[in-house]
2 protein chains.
Amino acid sequence: MGGQINNLAPRQRRVTISDVSEALGLTKGTVSRALNGYPDISETTRLKVARTAERMGYRPLAHAQAIRTGRVRSVGLVFQFYEHDGHRPFLADFLTGISGAASAEGWTLTLATASSQDEMLATLDRLVDERKVDGFILPRTYRDDPRIETLRRAGVPFVLFGRTGDDTGCAWFDIAGEAAMANAVARLAALGHTRIGFVQGGEGANYAHLRLDGYIAGMQAAGLAIDDDLIAPPSLNPIEGCDAGRRLLSLTEPPTAIVCAVDQAALGLYDAARERGLAIGREVSVISYDGIPEGRFVDPPLSTFAVDNRAAGERLTQMLIERVRGTDPHALRDLADASFLDRGSHGPPVLSSAQLARRVRASSIM
Amino acid sequence: MGGQINNLAPRQRRVTISDVSEALGLTKGTVSRALNGYPDISETTRLKVARTAERMGYRPLAHAQAIRTGRVRSVGLVFQFYEHDGHRPFLADFLTGISGAASAEGWTLTLATASSQDEMLATLDRLVDERKVDGFILPRTYRDDPRIETLRRAGVPFVLFGRTGDDTGCAWFDIAGEAAMANAVARLAALGHTRIGFVQGGEGANYAHLRLDGYIAGMQAAGLAIDDDLIAPPSLNPIEGCDAGRRLLSLTEPPTAIVCAVDQAALGLYDAARERGLAIGREVSVISYDGIPEGRFVDPPLSTFAVDNRAAGERLTQMLIERVRGTDPHALRDLADASFLDRGSHGPPVLSSAQLARRVRASSIM
DNA sequence: ACGCTTGCCGAAACCGGTTTCGGAACCGAC
DNA sequence: GTCGGTTCCGAAACCGGTTTCGGCAAGCGT
C-alpha cells in the first residue's frame, strides 16, 4: 500500500523527546523521567529539562506514550439517539462542556453513536478493546443499566451522568431533579394551589423515578393529598404532552397547576390549554424542568428548572479524568441543583378546581 | 506518579502481532507485510496469515501503528456553536452518520468545539499537531473560510460540508440548496403565484448566497420580476422570521407566497400570518428548507425541502477516508438534492396581492 | 581509611507495530 | 553446469516514547 500521490504539503517534523535530550546532553530516558516527575531525578535537572522542553515546544505524542502506558488521554462518549428525542437540544451545550474541560487537560473527546442497546454495548467494547478511550461518560442512566455491568467487568473507568439502582463502584454526577420537582410543588402550594398535577418523564430512565418521587415528596410536605388521577403517564414531546394535558384537564376535579417533568411535554400543555380556551399562567399554572431555549419564546414564557448542561459536561469530564488517574469512585460523586427560571407560566389560582371543571366542560360542548 | 490504587479489574492482554507471528512460525515483520498487502508476500502465506489472525482475534492497535505510519484512523470534527443556533437539531443525525460510517471502516470520531474563530483555528492546529486525527470534516462553510487556508498550509486532508469561494484542492459534499429554492419558486409559480417573496439565510455562510441565487434563478425562469422589496434580510430563528414576515406582508404589494431559506425562520412566518389573521397555505403560501422535525407538527404542516443529515455525515466521512488514503480531492466532490416534503403550507393563491394588502391593512387597524 | 547508603543518571530493554535491506531458494536461459 | 533474475521471507532498524536495572560518585558514619 502506501505511496500514492497525496499532493499535500509535507508536514513539518515535530520536536521529539530525543531532540530535547540531545539538546541537553541527557538520554531520552532521563528526560522522560524528569518530565513525568520520577523521584530519582534531581530538582536542578528537572527544572532544566522542563524549561528547554518548553522552549523547544516539545509536547509528547499521546499515542506514542499510549503504547507503553495504555493511556490515550481521550474521554469516550456513546450516544443512543431515539426517534423522538428529548435531549437533542442539550447536545450542543453538553458537548461544549466536555470538549472544553477535556482540552484544558490535553485530552480529547471520542464520540460514537449506537442505535440499539446491543450496539451500544458492542461499541463500548470496541472502543475499549482498541484503546481508543481511557474511560466513558455514560449519559442518560437507567435504573438498571447494562452499560455499567459491562464496563465494570471490563475494568474500564466511567462516570455516570445521572444516578442508577446499584451504584457501588460508580462515580456519578447528577442534577437533583427530585428537589426541583418538590420545590415546584412547594411554590405552587404556597401560591394557593391544592390540586396539583404531574406529567411524568421517560419510562425506565432513572431521572423519571426521581422526579416523580420529588413530586410526591413535595405534595406530602405541603400536606396535599396524592391522587393517582393527577399523575399523567410519561410524555416526552409536545404531542404526548398535549394528550396528558387533555387528560388532566378533563378530570372531574382538574388540577389548577401542573408540574411537568420535561419541558418538551410542557409545550404540549400550552396546546391543550389553548384548545379549552384556558390561559396558561392564570387558569392553569405550569412549572416544568429542563430549561430548553424554546421555553423562553412561548407565550407566556415557561417557568422551569433549568439545568446547565455545559457545566455538567465539564464536571463529568473532570471527574472522569480523576477517575482514570486513580481516584476512588466513591469519592467522585456530586449532585447539583437545577436553577429556577421564574417566568410567566405560573401564578396564584384564579379559578377553583370546580370552576375550572365547568370551564372545561363548557369549552368541550362548543 | 503512576501506581495509585485503581481498584479496577485488570484488563486482559490483547493478542499482539507477535502472538500471531509466533503461532505461525513467521516473523512479525512478515505478518505485518502480509496483513498490509505488501507485494513481496506469497498468496499462500498471505492467506494463512489472514486466517490465523482472524481466528486468533487479532486486530492491530491503531495508535501503535500510528507511531510509525502517522495515521490514527480518526476523523476530526470541530463545531462552533452560536448563540441562536439553527443547526442544533441537525446534530444528532449528522453525528450518527459520521460515527456509523467511521466505525464501519474501523475509524473513530474525534469531536471538539470552539467558541470563536481563533479558537477554532487553534483547535484544528492542536488536533493536527498532536496527531489526534487524520483529517477533518468542516461543517458550515463560508464564502471565504479561514479554516481551509489553515489546513491547506498544514497539509492536512479535509472535506467540506458545503461549497466555498475558492475550492481548488478541496474535496466537498453539499446539498443543492440553490436547486431547491429554484424548484420552490417554480412550484409556486406553477400554482399561479406571481408575487413571491424570499427570506434569506445566515449571513456570510456560503449556503445563504447559493439559496438566494436559486431564488433569483427560479424567478427568472418563471418569467417573474425580481423586486428587492420581496427579499427579506437574513433570518435564522422564529423571532427574526416573524419580523421578516411582518415586513413582507406590509408591503404595498405583498407576496402571496414566501420562499424561506431556513425552516426556523419559516416557523416565525406562521406567527406573522396569525397576527394578521391570515391562513398559511391559503392566503399565504410558504415553502422552506431544512426539514426540521418541528415542521411536521405545526399547523398546517410545513412544506419544505428536507436534507438527510445522516446520509451527509456518512458520505462526508467516506470521502474523508478516501482522501486520507490518497485520492485526489478534485475527484471527491458530490452534490446531492434535498427532497421535497409536500405538506400543507402552500397551495394556489386564494387572494391577489392587492386583496392581500387590503386584508393586512384591515387587520392592522383593529 | 574503610565500607555502606543514597542520590542521580546512563544504558538498554520494551511497548506493538512498520519498513528497509539483504540473502536464500528457486526459476528459466544459455 | 553456471548465471542472472525473481520470489519470498528473516533480520534488524525504526517510530517516539516509558520503565527497569545497574553503576558511578558523593555523603555518611565509624
Side-chain angles (χ1 to χ4, degrees), chain A residues 1-4 11-50 52-53 56-73 106 129-132 134, chain B residues 1-3 11-50 52-53 56-73 106 129-132 134 325:
Chain A
M1 294 304 174
Q4 286 118 331
R11 299 193 203 169
Q12 65 280 31
R13 232 175 58 81
R14 311 182 89 244
V15 14
T16 73
I17 196 170
S18 300
D19 297 333
V20 177
S21 68
E22 276 176 31
L24 282 162
L26 296 171
T27 61
K28 55 178 191 167
T30 304
V31 172
S32 170
R33 282 180 320 227
L35 258 20
N36 291 312
Y38 274 65
D40 63 345
I41 301 290
S42 77
E43 199 51 34
T44 14
T45 62
R46 185 198 316 291
L47 251 98
K48 214 167 6 175
V49 168
T52 61
M56 296 177 69
Y58 168 71
R59 280 199 323 264
L61 221 45
H63 63 257
Q65 303 180 288
I67 146 178
R68 196 76 222 269
T69 63
R71 303 256 182 78
V72 289
R73 292 206 300 263
D129 185 58
E130 301 188 350
R131 305 284 194 276
K132 292 280 196 169
D134 298 314
Chain B
M1 293 297 171
R11 300 193 200 169
Q12 65 279 32
R13 231 176 58 79
R14 310 183 89 245
V15 13
T16 74
I17 196 168
S18 300
D19 296 334
V20 177
S21 69
E22 275 176 32
L24 281 162
L26 296 171
T27 61
K28 55 178 191 169
T30 303
V31 172
S32 171
R33 282 180 322 228
L35 257 20
N36 291 313
Y38 275 64
D40 64 343
I41 300 290
S42 76
E43 200 51 35
T44 13
T45 62
R46 185 196 316 291
L47 251 98
K48 219 172 353 183
V49 168
T52 62
M56 296 177 69
Y58 168 69
R59 278 199 325 262
L61 222 45
H63 63 257
Q65 302 180 288
I67 148 180
R68 195 75 221 269
T69 63
R71 304 256 182 79
V72 289
R73 291 207 301 264
D129 186 58
E130 301 188 350
R131 303 285 193 276
K132 292 280 196 171
D134 299 313
R325 289 182 179 153

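By convention in this document, chain letters (A, B, ...) are assigned in the order of the sequence lines, proteins followed by strands, and residues within each chain are numbered from 1.
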Distance below 4.0 Å between B:Thr45 side-chain N/O and D:dC8 OP1 or OP2: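 No.
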Regarding A:Ser42, tell me which of base, sugar-phosphate or nothing describes its non-hydrogen contacts under 4.0 Å with the strands shown.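 Result for A:Ser42 = sugar-phosphate.
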Rounded to whole Å, please give me the gap between [atom1] in [X] and [atom2] in [N].
X       : N      : atom1 : atom2 : value
A:Arg46 : C:dC9  : CZ    : C1'   : 13 Å
B:Asp40 : D:dG10 : CG    : C1'   : 11 Å
B:Leu47 : D:dC8  : CG    : P     : 13 Å
A:Glu43 : C:dT6  : CD    : C1'   : 17 Å

Give a yes or no on whether the backbone of B:Tyr38 and the side-chain of B:Arg33 come within a donor-acceptor separation of less than 3.5 Å.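 No: the side chain of B:Arg33 does not pair with the backbone of B:Tyr38.
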Over its full length, what angle do the end axes of the helix from C:dA1-D:dT30 to C:dC30-D:dG1 make, each axis taken from five pairs and the result rounded to 10 degrees?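 End axes: 50° apart.
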For nucleotides 12-18 of chain C, read 5' to 3', which letter fits each nucleotide if B means a protein heavy atom sits under 4.0 Å from the base, S means only the sugar-phosphate is that close, and - means neither? --BBBBB
Show the nearest heavy-atom pair for residues A:Ala62 and A:Arg73, with the distance to one decimal.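 Looking at all heavy atoms of both residues, the closest pair is CB-NH2, 3.7 Å.
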Straight-line distance of A:Gln65 CD to A:Ile17 CD1, nearest 0.5 Å: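 Atom-to-atom, A:Gln65:CD and A:Ile17:CD1 are 8.5 Å apart.
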Nearest 0.5 Å, what's the CZ-OG1 distance between A:Arg131 and A:Thr69?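 Result: 10.5 Å between the selected atoms.
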